[in-house]
> 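Shown below is the structure under consideration.
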Protein chains: 2
Amino acid sequence: MVEEQIIQLLRKSQLSVTDSRRKILEIFIQAGSALAHHDVEEKTSERYDRVTVYRTLQTFMEKGIIHTIPTTDNSIKYALCKEDCAEGHHHDNHIHFVCEICGAITCMDEIHVPTINLPEGYHANQINMVVNGICKNCKA
Amino acid sequence: MVEEQIIQLLRKSQLSVTDSRRKILEIFIQAGSALAHHDVEEKTSERYDRVTVYRTLQTFMEKGIIHTIPTTDNSIKYALCKEDCAEGHHHDNHIHFVCEICGAITCMDEIHVPTINLPEGYHANQINMVVNGICKNCKA
DNA sequence: GCCAATTTTGCAACTTTGTTGCAAATGATA
DNA sequence: TATCATTTGCAACAAAGTTGCAAAATTGGC
Ligand SMILES: [Mn+2]
Ligand SMILES: [Mn+2]
Ligand SMILES: [Zn+2]
Ligand SMILES: [Zn+2]
């Protein structure tokens with residue numbers, strides 16, 4: 001049961017199990033795609049304060065439960081991390097797809113970000129690859 | 001002379017040559033790295049209204065003079081385009097490097113974004129690749 | 001289950017960022 | 001220089017994000 005999984009995940013991350021955390025995690029699990037802060041707020045149907053949503057997203061980030069996806073429209077999107085992320089250490093090495101029609105943002109877990117040869121003296125820690133285009137649901 | 005080049009570029013883009021546009025273009029040319037709206041405002045030493053800066057950046061975007069770089073910190077960065085961008089058509093196919101220490105954001109014009117095999121049904125229009133790490137000035 | 005200690009939440013007040021309408025100022029053109 | 005179109009600054013606003021603090025909820029031991 002999903003409720004149980006949510007509680008497990010919060011416990012595993014050493015977070016106390018609160019209504020807002022449960023609800024927001026549930027929203028991410030149910031949403032197929034990445035969500036902006038604003039989307040999360042809307043889906044809670046005004047049950048939690050804006051500030052609580054901000055703080056919850058921040059906490060989830062720190063604990064490696066969700067990760068951010070940079071987009072060109074100046075709005076950070078958040079999506080669930082996979083197993084291999086942990087507190088303070090994200091390993092989201094997959095590409096992200098942004099559909100220009102429906103706006104859905106998908107984690108393409110199976111497609112890894114290719115390695116890059118940087119110029120002498122540069123060191124890469126993390127690479128974000130965001131593909132904008134048309135998703136399979138929206139293609140003509 | 002740089003002043004002349006700036007005027008040429010504005011003319012070429014069919015923009016009237018105004019103080020703010022000249023000054024803001026100059027700021028981009030002098031800055032080695034990408035700038036946020038806020039950076040631009042600061043460097044104009046309060047000579048232009050915030051709204052003017054917003055509108056100027058927007059105009060430069062539309063005319064293919066600058067392009068945006070998505071970042072994970074929810075602030076769009078802007079950088080000068082190369083020759084092959086034009087009104088309504090950007091061709092910024094290079095990767096961007098964000099230094100985690102000095103914060104500088106560099107266009108690596110010489111490093112092209114690799115192509116990606118997307119799943120069946122997906123179509124890519126534009127790919128953004130942003131590398132976070134340590135730049136050559138900041139390496140220990 | 002109850003209690004004390006700790007953590008989380010909601011609220012208020014605030015700052016920052018971004019948008020819009022409109023009149024005044026400036027730039028292009030002849 | 002005069003005219004017309006464009007651009008700018010201002011004011012007023014909306015949206016996004018931050019901080020301090022008291023009230024409420026959660027945890028863990030009894
Ligand atoms: Mn992802
Ligand atoms: Mn660039
Ligand atoms: Zn779509
Ligand atoms: Zn650096």
Side-chain angles (χ1 to χ4, degrees), chain A residues 3-4 6-28 34-63 65-66 68-78 87 103, chain B residues 3-4 6-27 34-63 65-66 68-78 87 103 105:
Chain A
E3 260 307 290
E4 262 313 309
I6 289 174
I7 294 173
Q8 295 295 317
L9 179 49
L10 289 173
R11 285 262 152 72
K12 197 185 102 189
S13 307
Q14 294 175 296
L15 292 173
S16 35
V17 180
T18 67
D19 275 5
S20 48
R21 285 176 183 162
R22 289 220 305 246
K23 179 64 182 164
I24 293 176
L25 245 187
E26 199 186 325
I27 288 171
F28 274 106
L35 302 171
H37 167 92
H38 182 254
D39 301 324
V40 176
E41 255 194 89
E42 273 190 338
K43 289 187 198 269
T44 55
S45 50
E46 310 186 55
R47 294 206 290 130
Y48 305 108
D49 195 82
R50 267 159 27 82
V51 180
T52 301
V53 177
Y54 278 114
R55 292 197 270 226
T56 304
L57 292 177
Q58 194 181 301
T59 304
F60 285 0
M61 275 287 299
E62 287 162 2
K63 294 293 186 176
I65 296 175
I66 58 176
T68 53
I69 302 162
T71 63
T72 33
D73 71 344
N74 209 5
S75 76
I76 291 185
K77 296 294 192 306
Y78 302 87
E87 178 156 3
Chain B
E3 260 309 291
E4 263 312 309
I6 289 174
I7 294 173
Q8 297 294 317
L9 179 50
L10 289 174
R11 285 261 152 72
K12 196 185 101 189
S13 307
Q14 294 175 295
L15 291 174
S16 36
V17 180
T18 68
D19 275 5
S20 48
R21 286 176 182 162
R22 289 219 309 241
K23 178 64 181 165
I24 293 176
L25 247 187
E26 199 185 327
I27 288 172
L35 301 171
H37 168 93
H38 181 256
D39 301 324
V40 176
E41 257 192 86
E42 272 190 339
K43 289 188 199 270
T44 55
S45 50
E46 310 184 56
R47 294 205 289 130
Y48 305 108
D49 194 81
R50 267 159 26 80
V51 181
T52 301
V53 176
Y54 278 114
R55 292 198 269 226
T56 303
L57 291 176
Q58 195 182 302
T59 304
F60 284 0
M61 275 287 297
E62 287 161 2
K63 293 294 184 176
I65 296 174
I66 58 178
T68 54
I69 302 162
T71 63
T72 34
D73 73 343
N74 213 2
S75 76
I76 290 187
K77 297 295 193 303
Y78 302 87
E87 177 155 4
I105 300 185

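Naming: A, B, ... by sequence-line order, numbering from 1 per chain.
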> For A:K63 and C:dT7, what is the distance between atoms NZ and P respectively, to the nearest whole Å?
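Rounding to the nearest Å, NZ of A:K63 and P of C:dT7 are 11 Å apart.
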> Rounded to the nearest 0.5 Å, what separation is found between the NZ atom of A:K12 and the CD1 atom of A:I65?
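Here the interatomic distance stands at 8.5 Å.
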> Starting at CZ of A:R21, measure out to OG of A:S16 and round the result to the nearest 0.5 Å.
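Between A:R21 CZ and A:S16 OG, I get 4.5 Å after rounding to 0.5 Å.
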> Could you pull out all residues at least two apart from B:Q8 that satisfy side chain to side chain contact (heavy atoms under 4.5 Å, CB included)?
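Partners of B:Q8 by the side chain to side chain contact (heavy atoms under 4.5 Å, CB included) criterion, ordered by chain and then number, come out as B:E4.
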> Kindly give the heavy-atom pair with the smallest separation between B:T56 and B:S20, and that separation in Å.
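So the minimum-distance heavy-atom pair works out to OG1-OG, 4.4 Å.
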> Spell out protein contact along nucleotides 21-30 of chain D as letters: B when the base is contacted, S when just the sugar-phosphate is, - when no protein heavy atom is under 4.0 Å; keep the 5' to 3' order.
-----SS---
> I need the CD-C1' distance between B:Q58 and C:dT17, as an integer number of Å.
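Taking CD of B:Q58 and C1' of C:dT17, I get 14 Å after rounding.
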> Over all heavy atoms of both residues, which pair between B:V53 and B:V40 is shortest? Give the atoms and the distance, please.
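Heavy atoms only, the tightest pair is CG1-CG1, 3.8 Å.
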> CG of B:D73 versus P of D:dT18: gap in Å, rounded?
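Going from B:D73 (CG) to D:dT18 (P), I get 11 Å.
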> Heavy atoms only, 4.0 Å cut-off, all strands: where does A:R50 land among base, sugar-phosphate and nothing?
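Base contact.
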> Using atom NZ of B:K23 as one end and atom P of C:dT26 as the other, report the distance to the nearest whole Å.
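About 19 Å, once rounded to whole Å.
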> Let me know the distance between NE2 of A:H37 and C1' of D:dG17, rounded to the nearest Å.
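After rounding, the reported distance stands at 8 Å.
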> For B:S20, report the nucleic acid contact type (base, sugar-phosphate, nothing); a contact means any heavy atom under 4.0 Å.
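It contacts sugar-phosphate atoms only.
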> Tell me the interatomic distance from A:M61, atom CE, to D:dG17, atom P, rounded to whole angstroms.
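Spelled out: CE on A:M61 to P on D:dG17 is 13 Å.
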> Is the shortest side-chain N/O distance from B:N74 to OP1 or OP2 of D:dG17 below 4.0 Å?
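Result: yes.
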> Using 30° and 60° as the class boundaries, would you call the ring planes of A:F28 and A:Y78 parallel, tilted or perpendicular?
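Judged by the thresholds at 30° and 60°, the geometry between A:F28 and A:Y78 is perpendicular.
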> Closest nucleotide of DNA chain D for A:Y54 versus for B:V51: which of these residues is on the 5' side?
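Upstream on the strand: B:V51.
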> Between B:D39 (CG) and C:dT17 (P), how many Å, whole number?
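Checked: the CG to P distance equals 10 Å.
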> Please report the distance, rounded to the nearest Å, between CG in B:L10 and P in D:dT6.
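The answer, rounded to whole Å, is 16 Å.
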> State the OG1-CD1 distance between A:T44 and A:I27, to the nearest 0.5 angstrom.
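Rounded to the nearest 0.5 Å, the OG1-CD1 separation comes to 5.5 Å.
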